[in-house]
J.: 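Okay, here's the structure, questions in a sec.
Chain naming here is simple, since letters A, B, ... match the order of the sequence lines and numbering starts at 1 in each. This is a predicted model, so every value here is computed, not measured.
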There are 2 protein chains.
Amino acid sequence: MPRKRNAHRNADTPTLADVARLAGVSDITASRVVRSKGPIADATRARVLAAIAELGYIPNRAAGSLASSGSTLMSVLLPSLSNIVFPDVLRGIHTALTETAFQPVIGVTDYDPLIEERILLSFLAWQPAAVILAGLHHTPTARRHLEHGRFRVAELMDIDGDPVDIAVGMSHWQAGYDTGRHLVQRGYRRFGYAGHSIASDDRARARYDGLRAALKEAGLLLIAEERVQGPSSTIAGRHLLEAILRKAPGLDVVVFPNDDMAMGGIFHCIHAGITPKEQLGIFGFNGLDIGQAMPLPLSTILSKRFLIGKTAAEKLLESRERPAEKTIINTGYDIIVGATA
Amino acid sequence: MPRKRNAHRNADTPTLADVARLAGVSDITASRVVRSKGPIADATRARVLAAIAELGYIPNRAAGSLASSGSTLMSVLLPSLSNIVFPDVLRGIHTALTETAFQPVIGVTDYDPLIEERILLSFLAWQPAAVILAGLHHTPTARRHLEHGRFRVAELMDIDGDPVDIAVGMSHWQAGYDTGRHLVQRGYRRFGYAGHSIASDDRARARYDGLRAALKEAGLLLIAEERVQGPSSTIAGRHLLEAILRKAPGLDVVVFPNDDMAMGGIFHCIHAGITPKEQLGIFGFNGLDIGQAMPLPLSTILSKRFLIGKTAAEKLLESRERPAEKTIINTGYDIIVGATA
DNA sequence: CAGAATAATGATAGCGCTACCATAAATCAC
DNA sequence: GTGATTTATGGTAGCGCTATCATTATTCTG
C-alpha cells in the first residue's frame with residue numbers, strides 16, 4: 001500500500017496524461033502528436049491538439065529529456081556580448097536554427113577559460129544536442145568533456161589549431177600578416193600598435209603576431225606599442241593614440257586590434273587636426289557598419305561573423321553523430337581599403 | 001519479471017547511483033552533497049566529492065528538475081542583441097547571478113510579440129524559476145501564461161503600464177518629454193525627427209509621443225519627420241539627416257530615436273560641413289560610450305541599462321514566491337548635455 | 001545522567017515523459 | 001483470398017533524480 005500519492009505534484013499544471021484523457025487516447029499517442037512523430041490519424045491529431053489548447057498544456061521538457069536522454073538544446077558559449085562581434089555570430093546561429101526544433105542556450109564566459117569550463121559543465125547537465133564555443137583553447141577538463149560527450153561540437157572564429165569536431169572561422173594570424181603586407185605595400189613604414197591587454201584575447205594576439213611577422217619580412221618593426229588594461233573601447237583607443245603619438249611622434253600608421261578602438265583613433269585625429277591617411281594611417285579589424293558610416297570610411301578587415309555562426313549551426317544540424325573526420329571551414333575575410341590608411 | 005532492464009540507458013555516463021556506490025553511501029546522501037543541502041559529515045562529503053571527480057560525474061538536471069519540479073534557470077527574452085542596449089542589460093543580469101545557482105537562458109525575439117510568445121512557451125517547458133522579458137506588451141497567450149505560472153516575472157526597460165509581477169526601467173514617454181523641454185529651453189525652435197519604423201519599438205514610440213507633447217506645450221511642432229524602413233543603424237541615420245535637411249533646410253535641431261542613428265547624423269554634418277549645435281542641434285538616446293568618445297560628445301539621454309538588468313535579477317532572487325503586491329522600480333535617466341545640441 | 005533536541009544517513013516512491021515491444025486494423029501484392 | 005506490409009494505437013517499464021518520512025548516532029540541557 002503506497003504511503004502517499006502525487007505528494008509533490010504540481011497541482012494545477014496539466015500533464016500529457018490529462019491531455020490524453022481529455023482527447024480519449026493513450027498517453028503515448030498524445031506524446032506522438034506533441035512531437036509530430038510516428039503515424040497519427042488526422043482526426044486523432046485534431047482531438048489531441050484541441051485538448052492541448054483547451055488545457056493550455058505545456059510539455060515538461062525535463063521529463064522528455066530524461067526519458068529520451070537527449071534534448072533539442074544547443075549550448076552556445078560566447079566570450080562577451082559587449083563586443084558586437086558575438087551578437088553577430090549569434091544572429092547567424094539563430095538564423096540557421098529558425099524553423100528547426102533546436103533552441104540556443106547562451107552563456108557568457110568573459111574570455112575566461114575557467115568560467116567557460118564552469119558554464120560548459122552546467123550546460124552539459126541539460127544534455128544538449130550540440131555545443132558551440134569560441135576559439136580552440138579550453139581548459140583540459142573542458143576539452144576532455146567536449147571530446148567524450150555524445151553531442152556535436154563547433155568551435156568558432158579561429159581555425160589555427162586542432163578542433164574537437166568542427167571549426168568555423170578564419171586564420172587570425174593570416175589576417176594580421178595580410179594587414180602588414182597591405183600597409184607596407186601602400187607605402188607605410190613607421191608602424192605603431194595600440195591594443196588592449198592581449199592575454200585574454202587569443203585572436204587579437206594571433207593577429208598581432210601575424211602583423212609583426214609581415215613587418216619583419218619587409219625589414220621593418222613596430223616602432224611603438226601602447227596597451228590599455230581592461231576591455232577595449234572607443235575612448236581607450238582615443239586616449240591610446242594620443243599617448244602613442246606623444247611618445248613616438250614620427251609614426252605614419254597605427255594598427256588597432258579592432259574597429260572600436262580604431263574609431264577612437266580617428267576621433268583623436270579629428271580632435272588634434274591630424275588628417276587620417278595622409279598624415280597618419282589608421283587601421284582596424286572587424287569591418288563594423290559604424291566604421292563604414294563615418295565621413296572617411298575606416299580601413300579595416302571584414303570578418304564574416306554572421307556567416308560563421310550560420311555555417312556552424314547548419315553544419316551541426318547535418319548529423320547528430322560526430323563523424324570520424326574533423327571539419328575545418330575557412331570563411332575567410334576581406335580587406336576593406338577604406339579611406340583612413 | 002521485467003522484460004528488459006536499462007534498455008535505453010546511456011551506457012558510459014555515470015549516474016548519481018554510481019557515485020554513491022563508489023563512495024559507499026546511499027543515493028540520497030550523494031545527492032545532498034551535490035546540492036549542498038542538508039547536514040553532511042565532512043568525511044562523507046569528501047568521499048563523495050572524490051568519487052564525483054574520479055568518475056567525471058555530471059548531474060542530470062533533467063532528472064533533477066523533474067524530481068523537484070523546479071529548476072535554477074532564469075529565462076531571459078530580449079528583443080535583439082544587435083542593439084547594444086540589450087547586451088548591457090544582460091551584463092547586469094549576469095552580474096547579479098554570479099555566485100548564485102541561477103543560470104540565465106537567453107532568447108531573442110526580434111521585437112516580435114509572436115516570436116516572444118513562441119520562445120516563452122518553449123522556455124516554460126523547462127520550468128524556469130523566473131522569466132525576464134522586455135517591455136510590458138505581450139500577446140494575450142503569453143500574458144496569460146506569465147500571470148498563471150509558478151515563477152517570478154520581471155518586465156524590463158519600460159514602466160509605463162501594468163506589470164505582471166516586477167517592472168524595472170524608466171518612463172520613455174517622460175524621457176521624450178524631457179528631451180523636448182530641454183531643447184526648447186536651450187533655444188531650439190525648428191524641430192525635425194529622424195527615426196526608424198516605430199511599429200516594432202514601443203519605447204521609441206513612447207519617447208516620440210513625449211517629445212511631441214513637450215513641443216505642443218511650447219507652441220511648437222515637428223516641422224519635418226523622416227523614417228527608414230528596417231532596423232536603425234548609423235548609416236541610416238546619416239542618410240536620413242541628409243534627406244530631412246534637403247526637404248526642410250530650415251531646421252535647427254533634429255532628434256533621433258537612439259545614439260547609433262544620431263552618430264550617423266553627426267557624420268553627415270562633418271561630411272557636409274555643418275557645425276553641430278551652432279548650425280544644427282543633434283540629439284540621441286541611450287548615452288553610448290562611443291558617442292561620448294567623439295570629438296564633440298553627443299547630446300543625449302543616458303539610460304541605465306546595466307542597472308536595469310542587475311536590479312531586476314536581484315529583485316527576482318529575493319523570493320521564489322510572487323508577492324501579493326506588484327513592484328515598479330524606476331531607474332531613471334540622466335540628460336547628457338554634450339556638445340551637439 | 002535521563003529526556004530532548006539535533007545531526008547524519010537511508011528506504012521508498014514517484015516526477016512526466018518516451019523507448020520498446022506488441023497488437024489490431026487497413027492496405028497491398030499476385 | 002491468403003499472406004505480407006503498412007498504418008494506427010496501446011501497455012509497460014524505466015530515464016536519474018529528489019521529496020517525504022523514518023531511523024540511528026550524537027550532542028545538548030539542567
J.: Just compare D/dG16, C/dA8, C/dC17 and give me whichever is closest to any side-chain atom of B/L66.
T.: D/dG16

J.: Considering non-hydrogen atoms only, spot the tightest contact between B/A63 and A/L66 and give its length.
T.: CB-CD1, 3.6 Å

J.: Could you point out which residue of B/I132, B/L316, B/T311 forms a side-chain contact (heavy atoms from CB on, under 4.5 Å) with B/I93?
T.: B/I132

J.: As a test of reading the structure: which of C/dG10, C/dG16, D/dT9 is closest to the side chain of A/A41, going by heavy atoms?
T.: D/dT9

J.: Hey, does B/V34 reach any base, or is it just sugar-phosphate, or nothing, if we go heavy atoms under 4.0 Å?
T.: nothing

J.: For the pair made of CD1 in A/I28 and P in C/dG16, what is the distance, rounded to whole Å?
T.: 16 Å

J.: Using a cut-off of strictly less than 4.0 Å, decide whether A/S26 has a side-chain nitrogen or oxygen near OP1 or OP2 of D/dG10.
T.: yes

J.: Quick one: does NZ or CZ of A/R322 land under 6.0 Å from the six-membered ring centre of A/F151, within 45 degrees of the ring axis?
T.: yes

J.: What's the closest nucleotide to the A/R35 side chain, out of C/dA7, D/dA19, C/dT18?
T.: C/dT18

J.: When you check the gap from the basic side-chain N to the acidic O, do B/D162 and B/R143 get nearer than 4.0 Å?
T.: yes

J.: I need the NZ-C1' distance between B/K37 and C/dT9, as an integer number of Å.
T.: 16 Å

J.: Looking only at the side chain of A/L16 (C-beta and beyond, no hydrogens), which of the listed nucleotides D/dT7, D/dT18, C/dT18 gets closest?
T.: C/dT18

J.: Between A/R32 and C/dT18, is there a contact of a side-chain N or O with OP1 or OP2 at under 4.0 Å?
T.: no

J.: If I take atom CG in residue A/D42 and atom P in nucleotide D/dT9, what distance separates them, rounded to the nearest angstrom?
T.: 10 Å

J.: Taking 4.0 Å as the cut-off, does a side-chain nitrogen or oxygen of B/R47 come that near to OP1 or OP2 on C/dA8?
T.: no

J.: Side-chain N or O of B/S31 versus OP1/OP2 of D/dT18: is the shortest distance under 4.0 Å?
T.: yes

J.: Both B/G24 and A/P59 contact DNA chain C. Taking the nearest nucleotide for each, which residue is further toward the 5' end?
T.: B/G24

J.: Atom CD1 in B/I52, atom CG in B/L16: separation rounded to 0.5 Å?
T.: 7.5 Å

J.: For A/Q127 and C/dC17, what is the distance between atoms CD and C1' respectively, to the nearest whole Å?
T.: 14 Å

J.: Atom CZ of B/R61 to atom C1' of D/dC15: distance rounded to whole Å?
T.: 15 Å

J.: Under 4.0 Å between any heavy atoms, over every strand shown, what does A/T44 touch: base, sugar-phosphate, or nothing? Just pick one.
T.: sugar-phosphate

J.: Report yes if a side-chain nitrogen or oxygen of A/T29 is closer than 4.0 Å to either non-bridging phosphate oxygen (OP1 or OP2) of D/dG10; otherwise report no.
T.: yes

J.: Quick check: are there more than 12 heavy atoms from other residues, nucleotides or ligands sitting under 6.0 Å from NZ of A/K310?
T.: no

J.: Return the value, rounded to whole Å, for the distance between atom CZ of A/R150 and atom P of D/dC15.
T.: 14 Å

J.: How many Å lie between CD1 on A/I40 and C1' on D/dG10, as a whole number?
T.: 11 Å

J.: Of the nucleotides D/dG16, D/dT7, C/dC17, which has the atom closest to the B/A67 side chain?
T.: D/dG16

J.: Rounded to whole Å, please give me the gap between CG in B/D27 and P in C/dA13.
T.: 14 Å

